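Take a look at the structure below.
Nothing here was measured: the structure is a model prediction, and the numbers come from that model. As a basis for the values below, the full set of heavy atoms in this structure was taken, side chains included, without hydrogen atoms, waters or symmetry mates. Sequence lines set the chain letters: A, B, ... in the order given, protein chains first and strands last, and positions in each chain run from 1.
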Amino acid sequence: MASQGIEIKDLYKIFGPHGEKYVEAVKNGMSKAELNEKHGHVLGLKDINISMPAGKIQVVMGLSGSGKSTLIRHINRLIDPTTGSVQYEDVDVCQMSDAELLNFRRHKTAMVFQKFALLPHRTVIQNTVYGLEIQGIDKAEAKKRAQRWIERVGLDGFEDHYPNQLSGGMQQRVGLARALTNDADILLMDEAFSALDPLIRTDMQSVLLDIQEELKKTIVFITHDLDEALRLGDRIAILRDGEVIQQGTGQEIVLHPADAYISDFVQEVNRGRVIAVETIMDKTPLQGDIKIEVKPDDRLETAAQAMSSQEENRANVRDNSGNLVGSLQLKDTISAMVTAVRH
Amino acid sequence: MWDWYEFPAIGRTDLRDFKKAGDQAFLEFSRAYGESLENFFRPLLNFLVWFEKLLINSPWPVVMGIIALLVWLGSRSWQLVVGSLASLALIGYMGMWENTMYTLALVSVATLVCIIIGIPFGILMSKSDRIQAIVTPVLDFMQTVPAFVYLIPIILLLGLGKIPGLIAVCIYAIPPVVRLTNLGIRLVDKDVLEAADAFGASPRQKLWSVQMPLALPNIFAGVNQTIMMALAMVVVAALIGVRGLGMEVLKAVNNQYITLGFMNGLAIMAIAIVFDRVSQKFGKRLQKHSEVIHG
């Protein structure tokens, strides 16, 4: 398990030949449009502060042009920041020398790409060992490790196929196997599932959650899809025009959207799958003959199903250590599932 | 009165002095460095001579066998093997075997030199826009200035013979392999390069694991063009005393021997076609991974 999270502090990225000249102006409130029109520079990221938890999935969500792909590329410094820092294990990635950076990329990070970015002239197995090959690991050993992940992502039998003989979903499995074979603490996933069909996407999300259950890596997952963000993210940061406009757990964002922009997004979400029982329960357990018991971290949908399938309209909440901690009415559950907070 | 009909040129005397000064300067340069240049190229000359002798002194069935084997290894096509052997047999039967061997040796060595010099130059060009900006006009110059023009200083420096001939052929034939190496590397998919970066590949690792393999089909197209251009220069090289089929063509031109001209011309063409088809098939086989595409 990864021991430390990633701390992104005061990160600014201004694209253009003299980005550093305009940081002060942007800090003092110059808008993205003004920077672009008057000075020909593009504001990529503005005042980003995110603390990405160790061993968890941090989702960064935003629409295209929000700066999310730029942000993830700062973590392994495929893009250099204008100012600010990215701390991992008490080292600032932005201050690393070229050699340190190569080493950091080889051993601490692995990345999965939206367009797969497989090496077209190499077979599945040759693609999967790529990271290890770069590290200089012995061929037989690399192959052995790669084989394990090829099987884990469901690609056994395809080792000697070339990427363009595979479907998109299969290609991204190769991308995932290639990243996992690196055995790095940090897994960077840049819209990794966005190019896949909806069914295959759900499938790949399950594969990822499954693997994460076991590995507990620090995953940074970029997406433009709120459902995907809510399903995968232990924490979510929402980006717009290069700024973080809200961050928190999925539930916090759904229940308390920071502004109209986010509440618009959140409207379409299946709230029953996001909100936990403990969020809306009554802190006093019910007395008497209560047939249904649910857990505090069950989602409302699960609780509602449990009640309605037994034709009950109330339930008690019992935590993992066996104590009754609260109660739930079916009508409250349903209303929490259907009412959205409006701005 | 200003004369609008005669261009205001610098005048006969000045022009003569200008040309004289240029020639004089070059002659002095040639006197000073000609010999060391000759020494510099001697290993190349020795190699060319050795290769010619090898081709001419080996029994013809052995040479044909080796050529057949190379054609097969390159193209994996029986038709091409049979075709090449048939053309070689006809060339030999018509008495052009020895000259063909000279030409083959020259073109092979010239191609080798072009590859050894051209590919690293192409790689350098692809790494830096500044180098590209400098090298591109030089390549344009090499391809457009009439060959006879740069034959003059080459002859002044190195005299007549195989080496000046080889150099003239290389100057003319090297641009495609340089250009297409540069182009091939620059065309490599940026996403794949980014992935190599993300995995911590050093510039050298990136070059050998991603850029060169993916540029190979283009580089090979360049090598193919280089071979074709080297063959096209065979007649010009004959002007400065390079033996081979080109020399016979030249003899035919000077004496209006139609049949001799066509015989040797067609022999050059036959070699060109064999080289071209084999290298194209080989280039195609390098791209095998891109052939099968998922529905």
Item checked: Separation between OG of B/Ser202 and CZ of A/Arg105, rounded to the nearest 0.5 Å -> 11.5 Å
Margin query: Does atom CG (A/Asp98) have a neighbourhood of more than 12 heavy atoms from anything else shown, all under 6.0 Å?
Written below: no
Item checked: From B/Gln205 atom CD to A/Leu102 atom CG, the distance as rounded to the nearest 0.5 Å -> 8.0 Å
Check: So what's closer than 4.5 Å to chain A heavy atoms on B/Asp189: side chain, backbone, both or neither?
Finding: neither
Check: Of the backbone (N, CA, C, O) and the side chain (C-beta and beyond), which part of A/Arg178 lies under 4.5 Å from a heavy atom of chain B, both, or neither?
Finding: both
Checklist line | Shortest non-hydrogen separation from B/Ala198 to A/Thr109 and the atoms involved | finding: O-OG1, 4.0 Å
Next item on the list: In sequence, state the C-alpha distance, the side-chain angles, and the governing distance for B/Phe199 and A/Asn182, and then conclude on side-chain contact (heavy atoms from CB on, under 4.5 Å).
Entry: CA-CA 9 Å; B/Phe199 280 93; A/Asn182 233 23; 3.5 Å; yes
Next item on the list: For side-chain contact (heavy atoms from CB on, under 4.5 Å), just list the numbers for A/Leu119 and B/Ser209, CA-CA rounded to whole Å, side-chain angles, deciding distance to a tenth of an Å, and then say yes or no.
Entry: CA-CA 9 Å; A/Leu119 306 171; B/Ser209 69; 5.7 Å; no
Margin query: For the NZ atom of A/Lys115 and the CD atom of B/Glu194, what is their distance to the nearest 0.5 Å?
Written below: 9.5 Å
Check: With a 4.5 Å heavy-atom cut-off, do B/Val210 and A/Tyr130 have their side chains touching?
Finding: yes
Distance-only criterion, 3.5 Å: show the donor-acceptor pairs between side-chain atoms of residues 168-179 of chain B and protein atoms not counting sequence neighbours.
residue  : atom : partner  : partner atom : Å
B/Arg179 : NE   : B/Gln143 : OE1          : 3.1
B/Arg179 : NH1  : B/Asp140 : OD1          : 3.4
B/Arg179 : NH2  : B/Asp140 : OD1          : 2.8
B/Arg179 : NH2  : B/Gln143 : OE1          : 2.6

Checklist line | Shortest non-hydrogen contact between A/Ala117 and B/Ala195, atoms and distance | finding: O-CB, 3.6 Å
Next item on the list: First locate atom CG of B/Asp197, then atom CZ of A/Arg77, and finally report the distance between them rounded to the nearest 0.5 Å.
Entry: 12.0 Å
Next item on the list: Tell me, yes or no, whether the heavy-atom count around A/His18 atom NE2, taken from other residues, nucleotides or ligands under 6.0 Å, exceeds 12.
Entry: no
Checklist line | NZ (B/Lys127) with more than 12 external heavy atoms under 6.0 Å | finding: yes
Next item on the list: Please name the pair of heavy atoms, one in A/Ile134 and one in B/Ala201, separated by the smallest distance, quoted to 0.1 Å.
Entry: CD1-CB, 3.6 Å
Note to self: Check this for me: A/Lys139, atom NZ, are more than 12 non-hydrogen atoms of other residues, nucleotides or ligands nearer than 6.0 Å?
What the structure shows: no
Notebook entry, point to check: Is it the case that more than 12 heavy atoms not belonging to A/Phe104 sit under 6.0 Å from its CZ atom?
Noted result: yes
Notebook entry, point to check: With a 4.5 angstrom heavy-atom cut-off, which part of A/Leu118 approaches chain B: side chain, backbone, both or neither?
Noted result: backbone
Kindly list each side-chain donor-acceptor pair under 3.5 angstrom involving residues 67-76 of chain B, sequence neighbours excluded, with atom names and distances?
residue : atom : partner : partner atom : Å
B/Ser75 : OG   : B/Val71 : O            : 2.8
B/Ser75 : OG   : B/Ser77 : N            : 3.3

